[in-house]
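One structure is given here, and the rest of the page talks about it.
Atoms within a ligand are numbered from 1 in the order they appear, just like the ligands themselves. Atom set for the values below is all heavy atoms of this structure, side chains included, hydrogens, waters and symmetry mates excluded.
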Amino acid sequence: MKITIVGAGNVGATAARMVVDRALANDVILIDIVEGVPQGKSLDIYQSAAIQYSDTKIYGTNTYEITSNSDIAVITAGIPRKPGMSRDDLISVNAEIVINSTKEIVKYSPNCIIIVVTNPLDAMTYASFVNSHFPRNRVIGMSGVLDTARLKAFICMELNVSIENINAIVLGGHGDSMVPLIRYSTVAGIPITDLLPKHRIDALMERTRNGGAEIVKLLGNGSAYFAPAASITQMVDAIVNNRHRIMSCCVYLQGEFGHSDICLGVPIKIGIQGMEEIIPIKLTPEEQKAFDKSADDVRSMIQKLQ
Ligand code: APR
C-alpha cells in the first residue's frame, strides 16, 4: 500500500503521522508547495516511527513524480478557516488548489482512491470527482466521519459513558445545515431519546453543527486537525484492511436520497474498492426536509464553482 497525502499542514501532517504510527501502508508520501516543509515533517515522522516500531516509510516532496502508483491519495491542501469565516468562504482559493491537485494525482496514480478533506468539503469533493474522471466509488469526501465523531464525543461527555457504547450518524453537507440523525443515536442500543430530555438532545445536535466553528474560535488562527486527521485515518484503515465498514461520507449521488449530480454525506460501505455501496435509509419527512435544505446549500456552492 502506498498513500499520498497532499498538503503537509496541520491536517495532512497529523494524518501522515497517524497512518505511520498504525503502519497502515508500506509507503507514505507527503507533498506540499512549500519547499522543505514536507521533507522536514516527513523526516521527523520517520524518526518517530523508530520509537513506534512502525516499518512504514515516509518521504516528503514538492513534486508528484514519487507519488506514482499510489493506492490512496488524500487531499488536505488549501487554506483553513479563520474566526468568523464559514467553510464556504474558502471556496475560490481552495477550488483551484483541489482541482490542480486532483489532476496531478490522476496523472501519476490513475487507479487510486481519492479522499477529499479540503473545505468547503462537499463542493471540493464534487470538483475533485468531476476533474478526476474517476468512477464515483473512487472519490470520497471526509465529512460525516468527523461530524459523527463530534456528535459521539458530545453524547459521551453528557452521559459519562464509554465511547464504545455510543452509535450515531450525521448526514448531509459538512456545514451548518448538516443533519445529525437523533433516531439513530443510541447508547448501548438504547435510543438517546430514552436517556436525555429534548432540550439537551437539541443542544448536543446544535453543538455538533457548530463543532468546527467552536474550535476555530478557540484556536484563533486555523481550524481543527486532530479529529479530522483521525477521521482520515479511520477511512484509510477501512480501505486498506477491506473492512466493509459503514460510515457517513460525501459521495456523488445519482438519485439516492432524492438527489442527483451533487456530492453529499450519506451512509456508505467502504472497502478496498473505495465506496462499495450507498446504504439506503428511509428518512422521515422531517429528516428528508433537513437533508433537502442541506442539499440546497451545497448546490448553491457548486453553482459558485461552475
Ligand atoms: N499543493 C500542495 N499543498 C498546498 C497547495 C498545493 N497547491 N496549496 C496549499 N498547500 C498546503 C499549504 O502550504 C499548507 O501546508 O496546504 C497546507 C494546508 O495546511 P494548513 O494551512 O495547516 O491547513 P489545515 O489545518 O491542514 O487544513 C487544510 O483541511 O480541514 C480542512 O478546512 C481545512 O481546507 C482546510 C484543509
Side-chain angles (χ1 to χ4, degrees), residues 4-19 29-42 44-45 59-67 70 73-108 114-128 131 140-147 149-150 173-176 178 210-235 249-250 265 301 305:
T4 287
I5 299 181
V6 186
N10 283 334
V11 176
T14 310
R17 201 206 122 187
M18 288 180 176
V19 167
I29 313 295
L30 191 56
I31 181 164
D32 201 286
I33 41 165
V34 182
E35 278 181 31
V37 167
Q39 291 86 348
K41 289 190 181 182
S42 295
D44 197 8
I45 294 170
Y59 308 94
T61 180
N62 303 113
T63 54
Y64 279 83
E65 286 78 8
I66 68 160
T67 70
S70 290
V74 184
I75 304 178
T76 76
I79 53 163
R81 279 197 280 176
K82 302 234 159 46
M85 285 172 92
S86 78
R87 293 184 180 92
D88 299 352
D89 294 331
L90 307 172
I91 190 160
S92 55
V93 180
N94 285 355
E96 198 181 332
I97 294 172
V98 168
I99 291 169
N100 289 339
S101 305
T102 299
K103 288 180 179 165
E104 292 289 336
I105 289 165
V106 171
K107 184 170 155 196
Y108 289 97
I114 299 177
I115 298 176
V116 182
V117 181
T118 306
N119 277 309
L121 189 277
D122 308 274
M124 294 303 104
T125 305
Y126 184 89
S128 182
N131 285 282
I140 309 173
M142 188 288 290
S143 52
V145 177
L146 173 60
D147 298 327
R150 286 180 171 147
H174 186 52
D176 302 340
M178 69 180 71
N210 296 320
E214 184 178 351
I215 292 172
V216 168
K217 202 169 159 203
L218 287 167
L219 294 180
N221 184 23
S223 54
Y225 52 99
F226 290 116
S231 305
I232 294 166
T233 309
Q234 192 177 56
M235 290 171 69
C249 295
C250 177
M301 288 305 297
L305 266 182

[atom1]-[atom2] distance between [X] and [Y], expressed to the nearest 0.5 angstrom:
{"X": "R150", "Y": "S231", "atom1": "CZ", "atom2": "OG", "result": "7.5 Å"}
{"X": "I115", "Y": "T125", "atom1": "CD1", "atom2": "OG1", "result": "10.5 Å"}
{"X": "S101", "Y": "I75", "atom1": "OG", "atom2": "CD1", "result": "5.5 Å"}
{"X": "M301", "Y": "D122", "atom1": "CE", "atom2": "CG", "result": "9.0 Å"}
{"X": "T118", "Y": "M124", "atom1": "OG1", "atom2": "CE", "result": "8.0 Å"}
{"X": "L146", "Y": "H174", "atom1": "CG", "atom2": "NE2", "result": "5.0 Å"}

Problem set entry | Short N or O distance, Y64 and ligand 1, threshold 3.5 Å exclusive |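 Checking ligand 1 against Y64, no N or O pair falls under 3.5 Å apart.
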Exercise. Does the N or O separation between V11 and ligand 1 drop below 3.5 Å for any pair?
Worked result: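 N/O-N/O distance below 3.5 Å exists for this pair.
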Nearest neighbour in protein (non-hydrogen) for [atom]:
{"atom": "atom 4 (C) of ligand 1", "value": "A77 CB, 3.5 Å"}
{"atom": "atom 22 (O) of ligand 1", "value": "N10 N, 2.9 Å"}
{"atom": "atom 33 (C) of ligand 1", "value": "N119 ND2, 3.8 Å"}
{"atom": "atom 23 (O) of ligand 1", "value": "P80 CG, 3.5 Å"}
{"atom": "atom 19 (O) of ligand 1", "value": "G9 CA, 3.2 Å"}
{"atom": "atom 18 (C) of ligand 1", "value": "G78 O, 3.1 Å"}
{"atom": "atom 35 (C) of ligand 1", "value": "I79 O, 3.6 Å"}

Problem set entry | Per-residue contact class, I33 against ligand 1 - non-hydrogen pairs under 4.0 Å |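 It is both backbone and side chain that touch ligand 1.
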Problem set entry | Heavy-atom side-chain contact between Y225 and T76 under 4.5 Å |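 No - every pair of side-chain heavy atoms lies 4.5 Å or more apart.
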Exercise. Are V116 and I114 close enough that some pair of their side-chain heavy atoms sits under 4.5 Å apart?
Worked result: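 Result yes, sub-4.5 Å side-chain heavy-atom pair found.
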For this session: Can you sort out which atoms of ligand 1 are near N94, meaning under 4.0 Å from one of its heavy atoms?
Result: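 Reading through ligand 1 atom by atom, the close ones are 34 (O).
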Problem set entry | Sub-4.0 Å atoms of ligand 1 with respect to non-hydrogen atoms of V34 |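 Once the distances to V34 are compared, the set is 13 (O).
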Problem set entry | For atom 36 (C) of ligand 1, the option (of T76, I97, V93) bearing the nearest heavy atom |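 The option holding the nearest heavy atom is T76.
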For this session: Have a look at T14, T118, D32 and point out the one with the heavy atom closest to atom 14 (C) of ligand 1.
Result: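 The nearest heavy atom belongs to D32.
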Exercise. For T4 and T67, what are the C-alpha separation, side-chain angles and deciding distance, and is it a side chain to side chain donor-acceptor pair (under 3.5 Å)?
Worked result: CA-CA 6 Å; T4 287; T67 70; 4.5 Å; no
